[in-house]
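Indexing begins at 1, ligand by ligand and atom by atom, following the structure's order.
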Amino acid sequence: MKIILRLIRYIFRYKWALFVSIILGTIGSLLSVFNIFAFKPVLEVIFTPAGKAQIAPAYNLPSVSTTKEGKEKTFKIPLFREIEERFKPYRKALDARIEEITAWAITHKMKAMYIIGIIVAITGLIKGLVTYLSDYLMAYTGMSIVKDLRQEIHEHILRMDLPFFEDRSTGQLLARSSNDVSTMNTAITSVMDVGIQSPISIIMILILLYYLSPRLTLYSIFIVPVVGILIGVFGKKIRKISKKAQETIEDVMDVMQETYDGIRVVKAFGMEEFESLRFLKANIRAYKTYLHRQAIRKIFSPLMEFLGILAAISALFAGAHLILTEGTLTGADFFVFIIALSRLYRPIKDLSHIHLEVQTGLAGAERVFEILDTSRVLEEKPDATHLTSIREGISFHNVSFRYNNNSQYALRNITVDIPRGNVTAIVGRSGAGKTTFVNILCRFYDPSEGAILVDNHDLRDYSLKSLREKIAIVTQQVILFNETVRNNIAYGRKDIPLEAVIEAAKKAYAHEFIEKLPDGYDTQIGQHGDKISGGERQRLAIARAILKNPELLVFDEATSALDSEAETKIQQAMKNLIHGRTTIIIAHRLSTVKMASEIIVLDEGQVVERGSHDDLLRLDGHYARLSRLQGIFVDSQPSS
Ligand code: ADP
């Protein structure tokens with residue numbers, strides 16, 4: 001119920017479209033009922049001899065259609081009797097009016113037929129038009145809600161902190177924001193489309209049925225409660241199994257995403273078959289659950305159809321009884337009644353199907369809302385100030401950090417100063433805590449103990465936005481987007497002129513290779529930048545950082561085996577980037593370390609040595625040992 005209320009809140013944003021749609025839908029249903037009703041005078045006109053009508057006065061035609069007047073038995077059940085009493089005056093007025101028209105029609109048979117024909121055609125046309133408009137507005141509302149939800153879930157996920165992403169697979173997030181939202185889409189649009197329209201039609205037709213014969217109506221709609229019970233039972237089952245089905249799709253997407261992302265490794269290890277089997281397992285599981293869901297859904301239609309047949313038979317028997325035995329119903333009324341009754345089947349069927357659709361959608365909604373309700377953001381102080389500039393520098397005060405309460409400390413009691421404008425290199429074995437050091441400096445995580453100070457103020461006192469504006473990170477895994485080279489360098493900033501982009505590319509020693517690309521700066525570089533080499537990707541990332549012009553530069557130096565020319569170019573590009581900025585380099589190469597004014601050596605999360613290259617060599621400790629490894633520091637694999 002809570003979920004439905006939440007969905008209604010979204011629907012409410014489009015209340016006007018919905019309102020107009022309902023009004024138009026009601027008009028459409030009214031016209032459709034009117035069209036059925038138009039058969040009544042037609043039948044009367046055809047089956048009543050003209051002479052008879054002329055004998056009887058227009059307002060009193062007992063022989064034509066008022067046989068039920070006075071003779072219709074009253075209901076025994078008080079509620080129905082009460083309803084009957086309430087409606088009697090209206091029914092009488094309508095009867096009288098229709099009889100007048102019918103009497104006129106009987107005396108002017110052909111003319112009446114033409115008029116009725118024209119009226120039916122015109123109302124049919126108008127009905128089509130208003131129904132179309134109503135359907136369109138419903139679809140508009142439904143789709144708009146889904147668009148809003150998709151946007152909201154994406155924005156919400158974007159705001160989450162890194163641990164949120166570590167706890168969830170990309171496949172899971174994708175499944176929620178695409179698959180689950182689309183099941184909601186189907187549910188919402190069908191509710192909007194048929195869910196509102198059908199009840200209106202049902203009510204209209206029921207009124208018509210009731211007008212034609214209250215008792216026959218009662219005999220024919222006895223199946224409604226049975227349908228209600230069936231819908232309830234099936235709906236619950238469908239919702240449960242839908243949730244399971246969505247989960248299985250999540251697994252399918254997970255395997256897909258992992259395989260495609262790691263396609264190089266898959267191929268290099270010849271693991272295609274293994275991956276194929278892994279996928280098959282997930283795929284079969286999804287297939288089975290979906291099939292199960294369909295098996296349950298599909299029982300519903302034949303069941304409904306059978307109930308419809310029972311209702312029709314019951315109406316026929318009851319009708320025959322009322323006409324032949326009691327004489328309380330005319331043949332024309334009965335005929336129109338049967339037509340109207342047959343029109344009742346479709347909206348009831350649609351409505352019951354929608355219920356199943358809604359249950360599927362609600363299962364999706366539950367999963368979507370679960371993500372929307374997960375609030376995992378780094379707390380920002382309400383009075384967080386804007387960091388205008390880093391004037392003095394950054395210092396770590398007794399900083400310890402662990403990724404979660406059960407894990408080991410990744411950093412222990414770190415106390416270091418990073419003065420403004422200095423280049424600080426961080427070196428250490430793989431797993432020493434270098435990436436973690438940078439992660440907490442950029443405030444991807446907060447320290448478990450201790451504090452990081454910027455100009456003697458806690459990092460947590462500043463707004464995240466202002467902090468991140470001052471930082472640029474060049475990582476080992478260069479993140480490029482399936483966009484043009486120019487847009488990749490400018491990354492989202494449309495206001496930057498091409499000249500500035502070229503200038504940055506030149507400083508990053510990237511201009512030369514960019515110019516050689518088929519469309520220069522307008523070349524699309526493919527997802528993950530697959531169309532350019534590793535060294536080139538790195539230089540694009542440097543160009544992006546140069547363009548951002550950050551105060552604090554974090555450089556996770558690439559370790560991938562670059563040829564010496566590429567390496568020299570990257571070195572030169574780095575020098576251009578580093579110049580005059582506070583820089584922290586996770587260094588893997590001796591040449592890079594030499595650029596640093598201070599080197600911090602980390603081991604098992606602790607600072608074990610600090611100083612210049614020469615000092616540390618003289619010390620003949622960790623650093624000296626590391627540098628003896630051909631001047632290349634340990635990590636040959638990306639550490640993050
Ligand atoms: P380095 O960059 O020096 O290779 P890291 O900073 O990546 O080292 O890792 C330091 C320690 O923290 C390692 O023991 C690693 O297993 C652990 N670690 C790194 N990232 C996470 C994470 N997201 N969750 C839990 N533990 C982590």
Under a 4.0 angstrom heavy-atom cut-off, which atoms of ligand 1 come close to E166? 23 (N)
State the atoms of ligand 1, each with its element, that fall below the 4.0 Å cut-off from a heavy-atom position in K434. 1 (P), 2 (O), 3 (O), 4 (O), 6 (O), 8 (O)
Sequence neighbours excluded - ring pair (Phe, Tyr, Trp, His ring centres under 6.0 Å) pairs with any residue from residues 425-444: F396-F437
Does R429 come within less than 4.0 Å of ligand 1, judged by its heavy atoms? yes
For T435, the ligand 1 atoms whose distance to one of its heavy atoms is below 4.0 Å: 1 (P), 2 (O), 6 (O), 7 (O)
For A410 and ligand 1, does the shortest N/O to N/O distance drop below 3.5 Å? no
Aromatic plane relationship, F369 with Y10 - under 30° parallel, 30 to 60° tilted, over 60° perpendicular: parallel
With respect to atom 18 (N) of ligand 1, which of F444, Y403, F437 exhibits the smallest heavy-atom separation? Y403
H622 side-chain N/O to L602 backbone N/O, donor-acceptor pair under 3.5 Å: no
Under the side-chain hydrogen bond (donor to acceptor under 3.5 Å, both in side chains) definition, can you give me all pairs with a residue in residues 448-457, not counting sequence neighbours? Y409-E449
What I want to check is whether the side chains of E166 and Y403 have a donor and an acceptor closer together than 3.5 Å. no
Is it true that atom NZ of K548 has more than 12 heavy atoms of other residues, nucleotides or ligands lying nearer than 6.0 Å? yes
Heavy atom of G431, distance to ligand 1 below 4.0 Å: yes
Give the numbers and elements of all ligand 1 atoms closer than 4.0 Å to a heavy atom of T436. 5 (P), 6 (O), 9 (O), 10 (C)
Looking only at distance, does N404 have an N or O less than 3.5 Å from an N or O of ligand 1? no
Counting only heavy atoms not in F269, do more than 12 sit closer than 6.0 Å to its CZ atom? no
Just to check, does S430 reach to within less than 4.0 Å of ligand 1 when the distance is taken from its heavy atoms? yes
